[in-house]
Every structure is written in C-alpha cells, then in structure tokens.
Amino acid sequence: MSQRYNHKIAEKKWQKEWVDKDIFSSKKNKNKKKYYVLEMFPYPSGKIHMGHVRNYTLGDVVARYKKMRGFNVMHPMGWDAFGLPAENAAMVEKKSPEEWTYKNIDTMKGQLKSMGFSFDWKKELATCHPEYYKHEQEFFIEMYKNGLAYKKESEVNWDPIDKTVLANEQVIDGRGWRSGALVEKKFLSQWFLKTSKYSEELLKDLDSLYEWPEKVKVMQKNWIGKSVGAEIRFEINTDGLKENKITVYTTRPDTIYGATFIAISPQHPLCKILSKKEKKIQNFLDDCKKSNPDKEKLGFNTNIKVNHPLTKKQLPVYIANFVLMDYGLGAIFGCPAHDQRDLDFANKFNLDVITVVKDKKNFKEITNEAFTGEGTIVNSDFLNGLDIESAKIKIVEYLEEKGLGNQKTNYKLRDWGVSRQRYWGCPIPILYREDGAVLPVQKKDLPIMLPKNESKNRYFESLKDLKNWKTTVCPETGMVAVRETDTFDTFFESSWYFLRFCNPRLDKALDFDDIKYWLPVDQYIGGIEHAILHLLYSRFFTKALRDLNYIKLDEPFKGLFTQGMVTHKTFKNSKNEWIEPNDVFSKNDKLFDLNGNVVSSGSIEKMSKSKKNVIDPTQIIDVYGADTARWFMLSDSPPERDLEWTETGVASSYKFINKIWELSEQLNEYKPSGGLEKNSYMDDFDKIINEVSSNIESFHFNKSVAKVYEYVNLLSTLVSKKQIEKNELGSVIKKLSIIIHPFIPHISEEIWLNVGGDGLCAMANWPETKTSFEKKSFKMPIQINGKTRSLIEVSIEEEKEGIIKRAMADPKIKKYIENKKVVKTIYVKNKIVSLVTK
RNA sequence: GGGAGUAUGGCGGAACUGGUAGACGCGCCGGAUUCAAAAUCCGGUCACUUCGGUGGUGUGGGUUCGAUUCCCUCUACUCCUACCA
C-alpha cells in the first residue's frame, strides 16, 4: 500500500534541493524578459505572523508562476530593521537593539525558509547595516545640496516624563504610551524633505499606474489634496500695526460678496504682534493651545477692521482656533451663508449673513443650515446671474486686473519631516560648526556609523547624550563641530530598498544599468495600511533620485496589490478576559477555559496579541506542513479580502494534500479497463489548466484553487472508473504537479519525481494547452418570457430556423406555447433561444 | 462632515462583455467500510411544493424577451479621512 505523505521529510528535502541547485538566484540577462516580484519587507519583530505568511505566499505564487512562464524572475527579501520596537525590547531584555534585531532576523529567516518561499537570499539586505544606510546618508547630502532637504522649526509630541519625542501613533488619547504622561506640543528644529515640490507630479503620475487598485490612488489623491482657488488681499483699516493687509486663501471666490468677517489662525504672524500689545490676546492664544477645536470652536474679536476689497465695507477680524496655519495662508474670509462652519461661527458671534448663491427653485431662508449647493449668484454686483463656476472665473480675472488677488493652486501634501530624536535609526549626516555653519558630512567620511550600545545596564535613547560621539572637528577648518543627533524616520530606509535589491553588495549606491533592467517592480504586494505614507514616500524618493541622476525612472511600482488581513474568532470568559483559542474547551455544547470559567465566542477580528486570537505559523507548519498553510491561505478567500483562519479550513487543506498524494501513488499499479472512450476528457483538463492560468494572472487565486479541485475531481473519477489510459494518466498527473507548484511547491516536487519528471518541477515549463476547442454540440437553454424551461441538444452547425423549430416542438416548451401567441423570438447564436408569449 | 467599498444557501465564496444563479470548498444529512471509532470512499444538500411547479442574489422601483450583472431610491455594515477654507 502507499505510504502516507510525510511533509516533515519532504519539505526539508526540497528546500535543501532548491538551495543546492541555486535555482532562485536572479541574474541580469538582457535576452530574457524580466519580472520583479516584491513583497513589502518585514520589520524583524521576533517571529513571523500569519499576515507575513499570507503576504509572502501570494508573492510566491506570482514568482514561481512567472518563472515557469519563462520570465527571468527576481524575488528578493530583506529586513526593515531600524525602529522603535528594538529600543523598547532592549530596555526590557537588556540587550542592545542591534543584538536583538539580528537575532530576530535570524529566527524569522529560518521561519520564512521553512515556508518554502522562492526568495533569492543572495540579495538579502538589512537596513540597519552600515553598508545599506551609508548610501541613504549620501542621498540626503545630495538632496541637501540640491535644495530638497532643509531644516525648520516644527511642532512635535513631547513626553515630559520620558523626555522624548513621540510619533503620532505613540500618543494615545493625548498621553504617552509608555509613561502615560500628558503629551505636550513642543517646537523643535527638524529636517524636512521637499515632497511638496513634487505634489503635482505625484498627483499627475497616478494616472499612469494602471495596475494599482483604484482605492489606493483615490487615497493618495485625497492626501495630495489639490485645490484651485484664489488668494484675496484685505486692506487693514486699523493703525499702528506693521502689517497693512491680510491675505486669505479661498476655493469659493465666487462668494466674496457674502464675506462678513475674517478669521486668522492663532499661529498667524499677526497674532504675535497683537499678543505683545494686549494681554487678553496672549491669554486667548494660550487657551487655543489647550483647546480641542473638535469639541469647542473658540473665537476672539481683535477689534481690527479690514476693508472688503470690492464693497469697501468694514469687516471684523477674529482669531479662531479652528483655522490652520499650515494650509493656505492661515487666514480665511467667512461667508456664513454658504459654509456651515462659518455660519455656526457667525451665529455664535452675531455676525451678518449675506446670501449670495440662490437655488431659485428651492430657496430657503438661511438660519442654521448653510446653503452649499448649486445655484445662481445674487447680491454680488457684476457677478449676479452667473452660475458658480463662471462666477469663479470672472471674479478671479477681476481681482487680478485690480491687483486685489490672484488665482492660486494649493496642495494639502506637506513636506516630510524626517528627523527622529531616537537612537536606533540612521544618523543624519550633518555637522554644526562652532561658527554656526551647517555642513553636510563629506562623502569620503561616510558612513556616519551609529555608535554601538555596549552597556547592558543603561540603554541610551538618543544620540544627544553621547558627548564623545557627537563632538568632532570640521575636516576643512579644524574648528570644533557637533554632529546632528537626530536619526531618520524609518520610512527613509523603506523608500529605496526596492532599488538596492538589484545589487545589494555594490560599493556605490545604485547601478544605473541594473536599475534600468529590473525596475520598475512588476508586482508589489503588501498591506493596505501603507497605501499612503510608504507608497507615497517611495514614489517621491524615486523621482528625487531621478532628478539627482542616480536612476532613470519615474515610478517604482508598476503593479500593486493590497492583500486583506488574517482574522480569527475571539473568545472571552465570564470575567471578560480574552482567552486563547487553544485554551478553550467544549463540554456539553458549552465552552470553558482552563479554569472552568464559561467562555463565549466573540467577534472575528484581526489577529492580535491583545485579543489573544493569534495562531502561530510555526505550530501550523510543524503539525500540517508549509504546503497546507499555503493552500489554506489561497483557498476560498479572494486575496484582497480578509481571510478568516479556521481549524476546519486548515484540516481540509491538509486532507487535500494527502488526497493528491494518494492519487499520484496509484499510477504505478494502475491498469485501465480497456475499451475506453478516446481522449474526450483531455480537452477538459486543458480547459481547466487555462482557467488556473488566467486566474493566477488576474490575482484570483481562490478561483485557481477551485479549478485545481475540479482537475483533481475529474482525475479521480477517471481513475476510479479506470477510464483513462496509463500514458495519459501519467501525463495528466505530471501536469497536475506543475499547476499546483506555485501554490504548494513541496508536494508538487514529490509528485513530479514520482511520475518521472525531469529535474526539478520548479524549473519546469507551464503546460502548453489548447486554447480553442471544437465544440460539436451543446445544450442550449430555451426560455419562455425570460425563464429557462428546457434544454435542447444543439449541434454547432445547426441553423437558426431549425433550432427554433425544434425548440417549439420540445414537449416541455409545447405546454407553454399552446393556446398562446408567440409574439417574439430571440435567438443568440451559440447561446440561447428566448420566446415571448402572450 | 467628506470619500471609498461591501451586501448571493447554515458558512467562505463562484457566475466572461446582461443569457441555465449557487461552481469549488467547509458544514450538515444518508450510506459503505469497521467489533467500534477515527480516517477514507459513495450519494444528497437554496426554500416552499398538491411533485405539475412556484419563489429566490440587502430594500423598493426602472430599462429589457431576459438583470446577481445596467440605472435610480432606501437600508445595513466595513474601511479611510477629517475643521483643508
């Protein structure tokens, strides 16, 4: 009898075989068409989780499939190795972040290898390695020299207990995540990259990304936030101020005649001047700092008046806590009739409301609800009678002519603040000389090495405290200089790793020719959570490096796929504590935890430690094998949707693996019954293979899986009825091992070997199949009034008239048309006959 | 407040440009095998039915010979984003 498939032995064996034969190393070959598959590289947090398994399984399907289709595939893997968790872990475990990180990399690499992914490990890189980050130090210097990097004062979240800057996501309900201290806003001088210089190009080029999900493009578009409006100048009518005008930004210049007040941001330069004069204003500005505009709209009448540029009426100037300084000009005109927030504000401070847009048909007096719809301009002098769009054009022309304003395009996209006051990151290569000069480090002095943290007892959080490290001399003048102690945001590293993969050991940063061959990434796969930041920064970086002459490339990622999360049922006991699935037992249809508390099963949520609904991939691989885990990941759920991890699902995948093994084992002793129908089924296998292929190409792996099941079902029916000849059976099983290879490569190799395949299945070509099939006859549906009432066998050559005649004569159909009049006959060739009766 | 998406059996999900709704898998039911169970194999499985049929893809409507598919309405849920002037 056949032996049960032993995944533990087989999977190890093939993994070793692939390494020994070195089949996944990618080499540039200009005679072959390249295909670059990339999954978002992981942060080495300790162990891989199911999210990784899903991500890399999807990528592996593409990589292996494209290889079998004859492409020169590059499928690299590396480590996004800088970041805060290493610092936190270092404090707890009393290890240096470096030691902790490299240990994790080692563990996770082992886990990834046990999944059988076709990574080119020769291209592995870790971003915390000086050989990697020295190049980004060079990029930064080039950016600085070319005006793409600059320093300015900016607001940060400051934790007064931990004495550190926190990222936005480390602030929970206004408190530091570790210390629990109320977070303060603090101004620090920080480094920025000029992403805003590329706003228009980043927006425009989204149109060229045909293979990106529409929703990601929409998110980026909204983030860039282009708006076309106008800047309008209001003359100040109050003496004794240095300023003589306030300029506002608006996207509704057509409502200028409805303006009844001006509001400026608490950070507006004018406020600084005013606050020095009046204590009350200073107090109000302090209140604003503490306030939350979400909950409470604050306003303060400055008693300054400005002239309306057209009517010359005097308008009051307010300071308002909801006006943002870093969008537009930090000043707005209020038009209460046509903006809800302005109306609320006007009602609160008893300001005028002037209707200037009217919907003639459904006009309502404005009281508590602003009118923001389409309409006709009224009360607006020469704009009266125009629609909104024409009024916008006309008023801007007029303002420009009179020197009162101008058209202006604005973007929400801001410059990227890359400074982090942390230890475990890439040092920013800048020197501050004692005479005040700010100097980029000279390239020959790179890398600026991150100092080792040797102390086991006290772990440092920032480079600021390291006097010896940060004190140096200016190489040109010999003057004393201090190093920049900020490190880069870790998005800096991930913004170019996909370029470095082409040649990760190269002395210089990038090889022009290699990038030209391998890039853009043909298929990038990762989580939707990176829809904006990582993907936008990478796009920016690509364009910036292009303009600095490192590469010739506009967009880094040709195809993008964003996969869904892995979820699992949650459990809670009667004490309202989360319980791990492994610790739940069923007894008399009720669930209990280890301590005998009643457990209820809760909602299905993303796997997370806090909810204790995590399934460890290592355990699954151990018990069921990597192929089972991969097959389950790909079955049922479409890759872009969430996937619910279920025990029954895993078990059925395991069953399938064993089933195809048993099936392939039958070949040796197989004897057909003779007198077989020749070849009628071979077309069916080809049809199924075609669908497996097209579903892989379109990322519908769950449908490919369904088709593989059909293939196996057909095969096992033929085998059990002994209706297939032995040669053909061999060939069909051989093809099976190929088409399952991208999904479950280990057992595929095992079956391939069993049926006498040459070399490795991983190196085999995807089967050649027929693409057009002679259909001699088929069952054509006959409908009465749109409902299918019968099927008749129709030969492919049969003429329309004959088919209709036979359809009407069909006994089932006859019943429906007796005593009725057929008023219409619809015939669609090779598809359907539809009769309309009365 | 703004934007995007989703809705199909007990469950996950199929259905190409409108043309036999429910592929495939899970679960469930019945049977075989077994001393028994597990495993495995075979059959059935949208609902109702007087066994002729009838109804059925979140709701209500429309276009059409024919709608899961196209258009409008409403509802529910999910995600993103947020004072962006």
Side-chain angles (χ1 to χ4, degrees), chain A residues 4 213-219 221-223 225-227 229-230 248-253 255 263 265 292-295 297 320-324 326-335 338-342 344-345 372 410-414 528-529 531-532 564-565 631-632 635-638 640-644 646-653 655-656 658-659 662 691 694-695 698 700 702-713 716-717 720 778-791 812 815 822-828 830-838:
Chain A
R4 210 172 162 76
E214 206 51 42
K215 72 175 160 185
V216 174
K217 290 199 270 184
V218 169
M219 281 164 79
K221 198 176 160 194
N222 291 340
W223 188 262
K226 180 179 183 173
S227 68
V248 304
Y249 176 71
T250 179
T251 54
R252 289 296 301 273
T255 63
S265 161
N292 179 355
D294 254 340
K295 293 185 180 128
K297 306 257 189 279
N321 67 339
F322 58 84
V323 179
L324 301 172
D326 47 8
Y327 181 77
L329 297 158
I332 60 165
F333 77 72
C335 176
H338 306 293
D339 181 289
Q340 191 58 46
R341 194 188 39 207
D342 292 351
D344 296 342
F345 193 81
T372 53
N410 251 322
Y411 301 88
K412 287 191 221 169
L413 181 66
R414 292 171 210 171
I528 185 77
E529 66 273 20
I532 296 175
M565 299 182 297
W631 189 249
F632 173 69
S635 310
D636 290 357
S637 295
E640 69 278 9
R641 287 205 213 162
D642 287 354
L643 172 136
E644 191 197 343
T646 61
E647 316 311 316
T648 50
V650 179
S652 82
S653 295
K655 232 163 72 179
F656 174 75
N658 286 303
K659 183 178 169 170
E662 307 271 332
E691 294 198 60
S694 67
N695 284 323
S698 59
H700 296 136
N702 56 320
K703 293 195 234 168
S704 294
V705 165
K707 288 293 158 189
V708 170
Y709 275 112
E710 278 185 26
Y711 191 100
V712 172
N713 289 346
S716 67
T717 306
S720 68
F778 70 104
K779 285 199 164 72
M780 184 181 259
I782 313 298
Q783 296 187 340
I784 306 289
N785 295 334
K787 299 209 162 164
T788 305
R789 299 299 183 185
S790 186
L791 297 169
K812 283 188 193 152
K815 275 199 318 211
V822 176
V823 292
K824 201 168 175 184
T825 306
I826 293 122
Y827 170 78
V828 184
N830 291 342
K831 270 225 167 106
I832 205 161
V833 171
S834 184
L835 305 174
V836 187
T837 62
K838 236 184 180 170

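Residue numbers start from 1 in every chain, and the chains themselves are labelled A, B, ... in the order their sequence lines are given, proteins ahead of strands. From a predicted model like this one, the values you see are computed outputs, not experimental measurements.
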Watson-Crick or G-U wobble mate for [N], both contacts under 3.5 Å:
N	result
B:rA15	none
B:rU69	none
B:rA23	none
B:rU64	none
B:rA76	B:rU6

When you compare [N] with [M], how far apart are their [atom1] atoms, in angstrom units rounded to a whole number?
N	M	atom1	result
B:rG19	B:rC42	P	33 Å
B:rU78	B:rG13	P	16 Å
B:rA36	B:rA32	P	11 Å
B:rC26	B:rG44	C1'	16 Å
B:rA14	B:rU75	C1'	26 Å
B:rG10	B:rG5	P	29 Å
B:rC51	B:rU57	P	26 Å
B:rA7	B:rU45	P	26 Å

Check every strand shown and say whether [X] touches a base, only sugar-phosphate, or nothing at a heavy-atom separation below 4.0 Å.
X	value
A:V708	nothing
A:S720	nothing
A:D326	nothing
A:V828	base
A:D339	nothing
A:S834	base
A:Y709	sugar-phosphate

My understanding is that only residues two or more places apart in sequence, or in another chain, count here; which of them pass salt bridge (charged side-chain N to carboxylate O under 4.0 Å, His left out) with [X]?
X	answer
A:R252	A:D254
A:K831	none
A:K779	A:E793
A:E644	none

Send over the distance from [X] [atom1] to [N] [atom2], rounded to a whole Å.
X	N	atom1	atom2	value
A:E640	B:rC79	CD	P	17 Å
A:R252	B:rC84	CZ	P	13 Å
A:E644	B:rG27	CD	C1'	13 Å

Between the protein and nucleotides 46-57 of chain B, list every N/O to N/O distance that falls short of 3.5 Å.
from: B:rU54; atom 1: OP2; to: A:R789; atom 2: NH1; distance (Å): 2.8
from: B:rG55; atom 1: OP2; to: A:K787; atom 2: NZ; distance (Å): 3.3

Requested in this report: Compute whether any side-chain donor of one residue and acceptor of the other, for A:N658 and A:E662, lie under 3.5 angstrom apart.
Outcome: no

Requested in this report: Return yes if a side-chain donor-acceptor contact under 3.5 Å exists between A:S637 and A:D642, otherwise no.
Outcome: no

Check the phosphate of [N] against [X], side-chain N and O only, distance under 4.0 Å to OP1 or OP2. Yes or no?
X	N	result
A:R641	B:rG13	yes
A:T646	B:rG12	no
A:N410	B:rA85	no

Query - A:N702 vs A:H700 side-chain heavy atoms within contact, under 4.5 Å - result: yes

Query - Residues that A:Y411 engages under ring pair (Phe, Tyr, Trp, His ring centres under 6.0 Å), provided they are two or more places apart - result: none

Report task. List in chain and number order the residues that pass ring pair (Phe, Tyr, Trp, His ring centres under 6.0 Å) with A:F656, two or more places apart in sequence or in another chain; answer none if no residue qualifies. Result -> A:W631, A:Y709

Query raised in the report: Who pairs with A:K412 by side chain to side chain contact (heavy atoms under 4.5 Å, CB included), at least two apart in sequence or on another chain?
Result: A:Y327

Requested in this report: Check A:Y249 against A:G328 and note the closest heavy-atom contact, atom names and distance.
Outcome: CB-CA, 4.1 Å

Query raised in the report: Any idea if B:rG9 is syn or anti, going by the 90°-from-0 cut?
Result: syn

Report summary line: Base orientation of B:rG52, chi within 90° of 0 counted as syn, else anti, reads syn

Can you name the atoms? Protein N/O to nucleotides 20-23 of chain B N/O, anything below 3.5 Å, with the distance.
from: B:rU20; atom 1: O4'; to: A:T788; atom 2: OG1; distance (Å): 3.4
from: B:rA23; atom 1: O2'; to: A:E710; atom 2: OE2; distance (Å): 2.9

Report task. Flag yes if more than 12 heavy atoms outside A:K297 fall under 6.0 Å of its NZ atom; otherwise flag no. Result -> yes

